[in-house]
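Heads up: the structure comes next, in structure tokens.
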Amino acid sequence: MTASREIRIKRRPGALPALSDFEIVTVDVAPPQPREIQVRNLFQSVDPWMVRAIREAVAEKPAPFSKFGPAVIGQALYGGAIGRVVASRAEGFKEGDLVQSMEGWRECFNIGAQEVQLIAPDGIPPEAYLGIAGMPGLTAFGGIIRLAKVTKDDVVFVTAAAGAVGSTVCQLAKLEGATVIGAAGGKEKAEFLREIGVDHVIDYRAEQNIEEALSRAAPGGTSIHFENVGGPLLAAGLNVARPQARIVLCGLIRTFAGEEQTLPGNLMRVIRQRWRILGLSSGDFMGEMQEFRAQMATWIKSGKIRWKATIDHGIENAPAALLKIMSGENIGKMLIAFE
Ligand SMILES: NC(=O)c1ccc[n+]([C@@H]2O[C@H](COP(=O)([O-])OP(=O)(O)OC[C@H]3O[C@@H](n4cnc5c(N)ncnc54)[C@H](OP(=O)(O)O)[C@@H]3O)[C@@H](O)[C@H]2O)c1
């Protein structure tokens with residue numbers, strides 16, 4: 001038997017979870033059964049959707065990860081993770097292999113081999129597969145390349161621009177030659193955005209009037225609005241969006257903090273402005289994941305795309321890391337390292 005710590009929720013919080021809503025429990029993991037592997041996690045992803053999974057008792061609709069509905073009280077939470085195979089009774093897997101699973105929030109587990117993806121080494125760090133070369137990166141790609149079809153003539157405004165999705169959107173848009181305006185909270189994030197080539201950076205914590213700052217950066221208006229947050233940033237962004245702008249709704253993280261989001265202003269403006277409102281779901285692009293990863297690995301190795309992660313250590317710090325993204329304390333992808 002191997003001891004493994006895991007994180008569960010004790011109760012379903014009505015609002016943002018507090019640290020006291022989580023518990024850490026040690027369980028025994030038996031040796032793997034035939035066709036199973038035993039995995040020890042190296043990194044775990046910490047994502048905004050996890051707040052929703054913890055808060056909501058009922059899934060709104062089956063998601064692409066349909067087996068992963070709302071978190072269950074008294075069971076380990078779930079989420080993206082990269083781990084190393086420590087024992088294998090499954091064909092095609094050997095000790096030392098790296099695998100990706102949805103078995104985050106636990107140190108060690110047994111799993112059927114068909115439920116994990118083998119990670120073939122391709123010269124980028126394994127944790128990149130949870131961020132820029134994983135689901136958040138693919139979300140950015142799906143939104144800015146596939147849905148918005150960004151070109152060099154576009155002026156793109158991105159909110160939560162220094163986050164996992166946002167920083168990838170900014171760089172993919174720059175690779176296509178677009179002008180990019182990024183909004184993020186704080187000096188360090190603003191510095192990061194300048195380093196990755198964002199043309200105009202708006203530190204919304206320091207800026208008195210976001211709409212004025214946006215109008216200065218884009219005097220002719222924006223042609224793509226990429227939304228990750230909602231609230232005042234969305235309202236200001238729409239006020240400078242040109243007629244026929246593509247409005248990509250990727251995330252409204254403020255809803256996870258308990259604030260319902262509506263389209264600011266009268267819906268008639270969508271008609272008058274001929275806006276194209278594009279709802280984005282990463283699940284729609286999962287079929288492109290392998291190709292996307294290979295392309296992203298090439299961009300990273302050639303220095304064309306850069307990435308950052310905020311890495312906290314130890315499973316016991318995973319709940320605090322989740323609260324950190326809700327208060328904007330992460331730059332780039334929020335991760336937990338287990339070793
Ligand atoms: N549609 C999809 O398939 C899909 C897939 C993945 C992610 N998403 C969405 O994409 C967005 C970004 O996700 P991510 O994983 O890349 O997270 P992230 O941007 O790395 O982290 C979240 C960031 O959101 C901002 N934020 C958090 N709470 C806020 C609040 N109350 N008000 C203003 N800003 C707040 C903070 O940055 P600042 O303070 O710098 O703004 C924080 O750092 C989220 O809305 C997420 O739900 C959607």
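Both ligands and their constituent atoms are indexed starting at 1 by order of listing.
Put simply, the residue from Arg12, Lys10, Arg11 that forms a side chain to side chain donor-acceptor pair (under 3.5 Å) with Asp21 is Arg11.
Lys324 meets the side-chain hydrogen bond (donor to acceptor under 3.5 Å, both in side chains) test with Asp312; sequence neighbours excluded. For Ile325, the side-chain contact (heavy atoms from CB on, under 4.5 Å) partners at least two apart in sequence or on another chain are Val46, Pro48, Leu322, Asn330, Met334.
In this structure, Trp275 belongs to a hydrophobic cluster whose other members, linked by side-chain heavy atoms under 4.5 Å apart, are Leu234, Leu238, Ile247, Leu249, Leu252, Leu263, Leu267, Val270, Ile277.
Ligand 1 is surrounded by Pro48, Met135, Thr139, Ala160, Gly163, Ala164, Val165, Ala184, Gly185, Lys189, Tyr204, Arg205, Asn228, Val229, Cys250, Gly251, Leu252, Ile253, Arg254, Phe256, Leu280, Ser281, Ser282, Ile325, Met326, Gly328, Asn330, Gly332, each with at least one heavy atom closer than 4.0 Å.
Glu107 and Asn41 are not linked by any side-chain donor-acceptor pair at a separation below 3.5 angstrom, with hydrogens and angles left out of the test.
Classification of the Trp105-Phe22 ring pair by plane angle, with boundaries at 30° and 60°, yields parallel.
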